[in-house]
Protein chains: 2
Amino acid sequence: MAKKATRDFIVDAADQLFYQQGFEHTSLSYIADEVKISKGNFYHHFKSKDKILDAVIHRRLINTQAMLDKWQNEGKKPDERIKSFINILLINQNKIKKFGCPVGTLTSELAKLNHSAQKEANEIFSLFKNWLSEQFKQLGHTEQADALAMHILGRSQGVATLANAFQDQEFISNEVEKIHEWLMQYS
Amino acid sequence: MAKKATRDFIVDAADQLFYQQGFEHTSLSYIADEVKISKGNFYHHFKSKDKILDAVIHRRLINTQAMLDKWQNEGKKPDERIKSFINILLINQNKIKKFGCPVGTLTSELAKLNHSAQKEANEIFSLFKNWLSEQFKQLGHTEQADALAMHILGRSQGVATLANAFQDQEFISNEVEKIHEWLMQYS
DNA sequence: GTCTATATAATGATAGAC
DNA sequence: GTCTATCATTATATAGAC
């Protein structure tokens, strides 16, 4: 396995900082400090701030697909796989309370900035949507599959947004349970 | 009725721009240009950028309360009032597709900035939550009222976030209908 | 209340030595 | 690949004339 290059450390740091502080609010100086390199060195690896954003989104796409693939192999039944998706809300609840959903908050920010990377960022959502849709198809709900996928994706986004605003742990548990109950009628 | 003062025009512009472009991304110069005043004049009315944010949040609190009061007087039954809330998703669908929910996107941004106005901004959410909770109480669901209020608030947030990312009009209609159906069991 | 001019700090980005 | 030094631009904010 190859040694981790400086470039990877930059993407590591940017990925986290963009999530915790937002894309625009995170300056290159701050990233460089975090990685303990100079700004000049930073520009050797990425020729603009938008280029790291591209790299971060690309990494998130890879990681998301890897997670979906893992769920695909782990859970035996489609409805159990969907539960894996819902349960991220519980697993990541501390981060979500602090920073919201990494996908939803990024797409919202880029929409306001009218940023050219909007489309790529939205692709992360599409990965989830298409994967969820596929599960519903396998459950026999071919016609409604896309709408059901969007529904569950929306529910999880709402939970993340309010958990972030209200810092409410019980709300997350309640909602996750409600989504599980909702899911039963399609299992 | 008093003449509209420059101060009001500044808050008008800031309110819209913070919604459309985000708080941090909206510079004072841009606001000043929009209102057609100088930056110096701007600082005569607001001594810092955070002070306009305060004013904008305050105005949104006032406007939100006024809207809730209006619904309280218009709709005869509590479940019809709740429907008024849900229907904002349809009424404002064009803006929501472009910029998301003004409340959710602001609280998310301020959370990432760790901004001191977070608490005040979240109060807008609380107005909705408490109002919705009151409606469910009047429908006889005293015990669950808060949880039901948070549920419906979360659903609407999820719809706004995904409508913004996917630019999907049909999704909004579908989800609004689903929320109406869900509401029936509590009516 | 409104303006012009300016101060100050930070940002994204580049040049060039090592 | 990494650094220091620097640039141009923009941001928030202030001073002071009218």
Side-chain angles (χ1 to χ4, degrees), chain A residues 1-58 106 109-110 112-118 120-121, chain B residues 1-58 106 109-110 112-118 120-121:
Chain A
M1 190 157 142
K3 203 181 81 175
K4 208 165 194 178
T6 302
R7 201 195 128 96
D8 297 320
F9 285 116
I10 295 173
V11 182
D12 280 345
D15 191 4
Q16 287 210 48
L17 290 171
F18 289 170
Y19 175 39
Q20 296 174 357
Q21 312 190 328
F23 166 66
E24 191 167 43
H25 187 58
T26 301
S27 69
L28 301 179
S29 308
Y30 199 93
I31 298 172
D33 284 355
E34 200 78 358
V35 186
K36 289 180 175 49
I37 58 167
S38 66
K39 272 195 287 182
N41 192 6
F42 174 91
Y43 276 94
H44 172 73
H45 293 283
F46 296 95
K47 73 176 183 187
S48 76
K49 194 182 178 185
D50 286 348
K51 292 293 178 188
I52 346 163
L53 177 59
D54 287 343
V56 166
I57 292 172
H58 183 251
L106 180 64
E109 182 179 3
L110 296 184
K112 290 212 195 284
L113 302 182
N114 200 19
H115 195 284
S116 58
Q118 271 178 89
E120 284 92 327
Chain B
M1 191 155 142
K3 202 181 83 179
K4 208 164 194 179
T6 301
R7 200 195 128 97
D8 297 320
F9 286 115
I10 296 173
V11 182
D12 280 347
D15 191 3
Q16 287 209 50
L17 291 171
F18 289 171
Y19 175 39
Q20 297 175 356
Q21 313 190 326
F23 166 66
E24 192 168 42
H25 187 59
T26 302
S27 70
L28 302 180
S29 308
Y30 199 94
I31 298 173
D33 284 356
E34 200 78 357
V35 186
K36 290 180 175 47
I37 58 169
S38 66
K39 276 192 284 182
N41 192 6
F42 174 92
Y43 277 95
H44 172 74
H45 294 281
F46 296 95
K47 73 176 182 190
S48 76
K49 193 182 179 184
D50 286 348
K51 293 292 178 190
I52 347 163
L53 177 59
D54 288 343
V56 166
I57 293 173
H58 182 251
L106 180 64
E109 181 179 3
L110 297 184
K112 291 215 195 281
L113 302 182
N114 201 19
H115 196 282
S116 59
Q118 270 177 89
E120 285 93 326

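Chain naming here is simple, since letters A, B, ... match the order of the sequence lines and numbering starts at 1 in each. Both backbone and side-chain heavy atoms feed into the values below; hydrogens, waters and symmetry mates do not.
- Within the 4.0 angstrom heavy-atom criterion, base atoms lie near B:Ser38.
- Within the cation-pi definition used here (under 6.0 Å to the ring centroid, within 45° of the axis), A:Lys49 qualifies as a partner of A:Phe23.
- What separates CZ of B:Phe42 from C1' of D:dA11 is a distance of 12 Å, to the nearest Å.
- Here B:His45 reaches the OP1 or OP2 of C:dT2: one of its side-chain N or O atoms lies under 4.0 Å away.
- A:Ile10 has its CD1 atom 14 Å from the C1' atom of D:dC3, to the nearest Å.
- OP1 or OP2 of D:dG1 sits under 4.0 Å from a side-chain N or O of A:His44.
- Between B:Asn41 and C:dC3 there is a side-chain polar atom (N or O) within less than 4.0 angstrom of OP1 or OP2.
- Taking atom NZ on B:Lys39 and atom P on D:dA15, their separation rounds to 16 Å, with Å as the unit.
- Minimum heavy-atom separation, B:Ala55 to B:Phe46: CB-CE2, 3.7 Å.
- If you measure from atom NZ of A:Lys51 to atom C1' of C:dA13, you get 15 Å, rounded to the nearest angstrom.
- Taking atom NZ on B:Lys36 and atom P on C:dC3, their separation rounds to 12 Å, with Å as the unit.
- Distance B:Asp33 CG to D:dT10 P: 12 Å, rounded to the nearest Å.
- Checking D:dA13, D:dT12, C:dA13 against every side-chain atom of B:Ser27, the shortest atom distance belongs to D:dT12.
- At a threshold of 4.5 Å between non-hydrogen side-chain atoms, the residues A:Asn41 and A:Val35 do not count as touching.
- Within the structure, every side-chain polar atom (N or O) of B:Tyr43 is placed at least 4.0 Å from both OP1 and OP2 of D:dT14.
- To the nearest angstrom, C1' of D:dA11 lies 8 Å from CG of B:Leu28.
- Remark: A:Thr6 is in phosphate contact with D:dT2, judged by side-chain N or O atoms under 4.0 Å from OP1 or OP2.
- Both A:Lys47 and A:Ser29 lie near DNA chain C, and the one whose nearest nucleotide falls closer to the 5' end is A:Ser29.
- One can place NZ of A:Lys49 at 15 Å from P of C:dA10, the figure rounded to the nearest angstrom.
- Smallest separation of non-hydrogen atoms from B:Glu24 and A:His25: OE2-ND1, 2.7 Å.
- Residues A:Leu106 and A:Val56 have side chains not in contact (no heavy-atom distance under 4.5 Å, counting atoms from C-beta outward).
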